[in-house]
A.B. asks: 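Take this structure first; my questions come after.
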Amino acid sequence: MKTKGQNFLRGASVLAGSMIAVKLIGAIFKIPLGNILDGSAMGYFNTAYNVFTMVYAFSTAGLPTAIARMVAEQSARGRYRDIRRIHDLSVKLFFFMGLIGTILMAAFSKLYVDLAGNSGALFSVLAIAPAIFFGCMMSAYRGYYEGLRNMVPTAVSQIVEVVAKLIFGLSLSVVVVQYGQSRFKSGLTVFGKACTVQEEVTAAVAPYAAAAAILGVTLSTLVGTLFLLIRHRRRGDGITSSDLKYSPRPMRGRVLAIRLIKIAIPVSLGSIVMNVAQAVDTVTIINCLKFAFEKFPEAMQKVFSGVVPAQVMAAGEAANFIYGSYSGYALSVFNLVPSFTSIFGKSALPNVTACWSSGDKQGTRVNIESVIRMTSMIAAPASFGIFFMAGPILTLLYPSKMSEVAIASGVLSWQGLSLIFLGLTSPMFAVLQGLGKVTLPPKYMLVGMGIKLVLNLITISIPAFNINGAALGTGACYLVILILSMRGINRITGIRFSYVRLLYKPLLCGFLCGFSAWSVHFLLTGILPGSLLTLLSIAFGAVVYLASLLLSRALSRDDILMLPKGEKFAKLLAKYHCLG
């Protein structure tokens with residue numbers, strides 16, 4: 001091959017670079033979108049997006065992992081003809097699974113929004129259904145290249161996709177909102193409704209503006225698919241004619257297909273369970289909040305009076321508004337961290353697979369420990385930073401959405417504590433899959449989902465907890481999953497990982513980061529403007545975190561050596577005794 005692939009942290013650094021770009025551009029999409037739409041429209045948007053991720057996981061999550069694992073195995077053995085055959089099989093399978101996923105999503109859209117108690121989300125669900133098909137086609141190519149330990153196609157396609165989402169999503173939503181406003185100013189009906197005040201216009205536009213925004217997601221998956229198809233046709237996969245010439249005779253397509261499906265099905269089930277947990281949030285939150293408003297109207301009015309707009313409360317849409325504030329504003333910040341930590345899992349899977357398949361126990365240990373350390377170094381400061389600074393962060397991002405921020409900041413603060421558990425879950429699942437135990441993640445997720453379902457049903461219906469019960473359910477769910485995953489890895493490998501040793505320094509440094517940022521914000525409130533103060537507090541927390549990492553020697557020499565130009569950094573840090 002022309003390239004031997006990237007090691008764990010080099011591959012992770014490629015994905016990390018793209019993820020930073022993707023999240024920055026995604027923020028440019030999500031933040032203006034959150035300011036264009038209100039809590040009700042964000043409720044419709046996220047009701048649709050959650051069911052999309054669930055069906056999308058069924059169609060795509062298992063096969064990319066299966067492809068990456070099988071390609072990594074065959075690459076380690078020099079079986080390049082098998083690699084090419086795996087690619088051809090996966091593209092065909094993904095085509096049909098994507099088609100089936102799109103049809104199912106469209107067919108059951110009405111049933112889903114009725115179960116969610118959110119009929120206004122119907123147009124959004126229909127608008128995003130075709131994204132299942134295009135997402136499947138993208139995943140076929142991404143999984144293939146990740147198995148070859150070439151993370152560049154995935155990285156670039158993610159950037160292309162999110163840029164397209166930014167352009168189409170914002171443009172379409174703005175057009176719909178402006179159309180509704182122009183109709184109102186001209187004295188005409190707004191999407192068939194006669195409106196007399198601005199609040200009624202906002203309510204009439206909300207379902208269509210949300211559908212327009214989510215149509216941008218569908219168009220972005222189309223653009224991402226076209227990019228990968230064109231790139232593959234022009235640049236290939238790095239396998240040379242010499243590689244193919246000296247490669248053993250390939251296995252029969254039927255044998256490879258059966259192996260692919262055997263690996264894919266358990267992983268798909270795990271991803272379905274993980275995304276069903278998000279769907280559980282969608283269904284339980286809205287319905288439990290409606291129950292609480294019906295059974296405890298005075299208590300709920302006391303909690304949300306002056307927070308939920310009176311027009312929304314009078315229309316009986318308070319539950320959707322609260323859910324939209326949680327899912328559209330709190331979760332938009334919360335979900336940034338798992339997006340970053342998942343890149344370590346993607347990069348670790350082929351490396352763990354290669355080491356474990358070849359009997360390299362020391363290599364397996366090094367890769368798994370690097371996953372845990374590097375993941376925790378991102379998740380820990382984010383977890384404590386969000387816990388301490390949720391309110392200021394949301395106010396900085398959404399200054400015009402006072403009601404939504406008031407609802408979202410409290411639940412985001414408590415949910416921030418669960419980020420360390422959620423952040424480590426995805427890489428731990430990738431490690432288990434790399435070790436060949438693809439049936440364990442869905443089992444662990446099933447246990448966690450059951451805990452989340454029970455806690456959601458109990459706590460959200462209680463006025464004292466209300467939407468904050470979702471944070472409790474999320475934290476308990478992923479804490480249990482993480483403990484089960486760590487125990488499983490110890491048992492499978494026979495390696496006694498000291499998780500306390502690997503985690504305590506990042507956790508301590510993360511706490512110092514969050515607490516120092518909060519302290520600066522508390523001490524200087526009223527002295528500096530709010531936005532400047534929030535940025536200054538976050539910057540101070542980051543400096544404290546970096547200094548505490550170096551002083552506590554939380555980084556190991558192995559971690560630094562696997563980074564680009566790591567040897568120079570390792571020598572510099574070793575000179576000042578900053579390596580563990």
Side-chain angles (χ1 to χ4, degrees), residues 46 50-51 53-58 61-62 65 265-285 287-288 326-327 330-331 334-335 337-342 344-345 349 371-372 375-376 379-380 382-383 386-387 411-412 414-435 437-461 465 467-492 497 499 503 507:
N46 285 290
N50 284 346
V51 73
T53 56
M54 183 175 65
V55 180
Y56 182 74
F58 174 76
T65 300
I265 287 176
V267 179
S268 288
L269 289 174
S271 295
I272 291 168
V273 173
M274 181 176 287
N275 288 284
V276 166
Q278 293 180 358
V280 164
D281 259 355
T282 305
V283 175
T284 57
I285 289 174
N287 285 304
C288 287
Y326 164 71
S327 60
L331 289 188
F334 179 81
N335 287 332
V337 180
S339 299
F340 278 100
T341 59
S342 67
F344 292 113
L349 188 144
V371 169
I372 296 169
T375 301
S376 62
S383 181
I386 288 175
F387 173 72
V411 65
L412 177 60
W414 290 112
Q415 197 144 352
L417 291 179
S418 64
L419 270 175
I420 187 67
F421 313 134
L422 176 55
L424 282 164
T425 294
S426 179
M428 292 297 97
F429 279 4
V431 168
L432 287 167
Q433 291 156 6
L435 294 172
K437 301 299 180 180
V438 294
T439 61
L440 290 181
K443 292 177 182 177
Y444 297 160
M445 277 302 308
L446 193 61
V447 174
M449 188 188 69
I451 292 170
K452 181 173 179 59
L453 175 61
V454 171
L455 287 175
N456 272 19
L457 290 172
I458 293 172
T459 58
I460 297 173
S461 300
F465 284 100
I467 190 64
N468 294 311
L472 179 61
T474 299
C477 169
Y478 288 105
L479 173 59
V480 170
I481 291 168
L482 182 59
I483 291 171
L484 291 174
S485 299
M486 288 177 166
R487 288 182 61 188
I489 291 171
N490 274 356
R491 178 174 52 81
I492 294 160
F497 294 99
Y499 295 111
L503 292 172
L507 287 174

A.B. asks: Sub-3.5 Å donor-acceptor pair from the side chain of Ser383 to the main-chain atoms of Ala379, do we have one?
C.D. replies: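 Not confirmed, Ser383 side chain does not pair with Ala379 backbone.
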A.B. asks: Check whether any side-chain heavy atom of Asn468 sits under 4.5 Å from a side-chain heavy atom of Gln415, and report yes or no.
C.D. replies: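 Not touching, per the 4.5 Å side-chain cut-off.
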A.B. asks: Assess whether side-chain contact (heavy atoms from CB on, under 4.5 Å) is satisfied between Leu412 and Phe334, documenting all intermediate values.
C.D. replies: CA-CA 7 Å; Leu412 177 60; Phe334 179 81; 3.9 Å; yes
A.B. asks: How close do Leu417 and Ile420 get, counting heavy atoms only, and between which atoms?
C.D. replies: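 For Leu417 versus Ile420, the nearest heavy atoms are O-CG2, 3.7 Å.
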A.B. asks: Is there a side-chain contact between Phe387 and Leu419, using heavy atoms and a 4.5 Å cut-off?
C.D. replies: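 No. Closest side-chain heavy atoms not under 4.5 Å.
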A.B. asks: If you round to the nearest 0.5 Å, how far is OG1 of Thr474 from CD1 of Ile451?
C.D. replies: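 Between atom CD1 of Ile451 and atom OG1 of Thr474 there are 12.0 Å.
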A.B. asks: Would one find more than 12 heavy atoms of other residues, nucleotides or ligands at under 6.0 Å from atom CZ of Phe465?
C.D. replies: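 12 or below, so no.
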A.B. asks: Mind checking the CG-OH spacing from Leu432 to Tyr444? Nearest 0.5 Å is all I need.
C.D. replies: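 So the gap between those two atoms works out to 6.0 Å.
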A.B. asks: Atom CD1 of Ile285 and atom CG of Asn456: how far apart are they, to the nearest 0.5 Å?
C.D. replies: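 Interatomic distance, Ile285 CD1 to Asn456 CG, rounded to 0.5 Å: 6.0 Å.
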A.B. asks: May I ask you to test the Met445-Phe429 pair for a side-chain heavy-atom distance under 4.5 Å?
C.D. replies: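 Yes; the side chains approach each other to less than 4.5 Å.
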A.B. asks: Measuring from atom CD1 of Ile460 to atom OG1 of Thr284, what distance do you get when rounded to the nearest 0.5 angstrom?
C.D. replies: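 So the gap between those two atoms works out to 4.5 Å.
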A.B. asks: Taking all atoms of both residues into account, what is the closest heavy-atom pair of Leu503 and Ser376, and its distance?
C.D. replies: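 The answer is CD2-CB, 3.5 Å.
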A.B. asks: Measuring only between side-chain heavy atoms, which start at C-beta, is Ser418 closer than 4.5 Å to Leu422?
C.D. replies: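 A side-chain contact under 4.5 Å is absent here.
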A.B. asks: What closest approach, in Å, do Gly423 and Thr375 show between heavy atoms, and which atom pair accounts for it?
C.D. replies: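 Closest pair (atom of Gly423, atom of Thr375, distance): O-CG2, 3.3 Å.
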A.B. asks: Return the CG to NZ distance between Leu457 and Lys452, rounded to the nearest 0.5 Å.
C.D. replies: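 One gets 10.5 Å once the value is rounded to the nearest 0.5 Å.
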A.B. asks: Shortest non-hydrogen contact from Ile386 to Gly416?
C.D. replies: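 Heavy-atom minimum between the residues: CG2-CA, 3.9 Å.
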A.B. asks: Would you check, one step at a time, whether the test side-chain contact (heavy atoms from CB on, under 4.5 Å) holds for Leu331 with Asn46?
C.D. replies: CA-CA 10 Å; Leu331 289 188; Asn46 285 290; over 6 Å; no
A.B. asks: With side chains defined as the heavy atoms from C-beta onward, is the minimum distance between Ile489 and Lys437 less than 4.5 Å?
C.D. replies: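 Ile489 does not reach Lys437 side chain to side chain.
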A.B. asks: Do you know which two heavy atoms are closest between Pro427 and Val371, and how far apart they sit?
C.D. replies: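 Closest approach of Pro427 to Val371, heavy atoms only: CB-CG1, 3.4 Å.
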A.B. asks: Do the non-hydrogen side-chain atoms of Ile481 and Tyr478 ever get within less than 4.5 Å of each other?
C.D. replies: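 Yes, side chains in contact.
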A.B. asks: Are side-chain heavy atoms of Met486 and Asn490 found at a separation under 4.5 Å?
C.D. replies: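 No - every pair of side-chain heavy atoms lies 4.5 Å or more apart.
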A.B. asks: Rounded to the nearest 0.5 Å, what separates atom CZ in Phe421 from atom CD1 in Ile483?
C.D. replies: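 Spacing of CZ (Phe421) from CD1 (Ile483) equals 8.0 Å.
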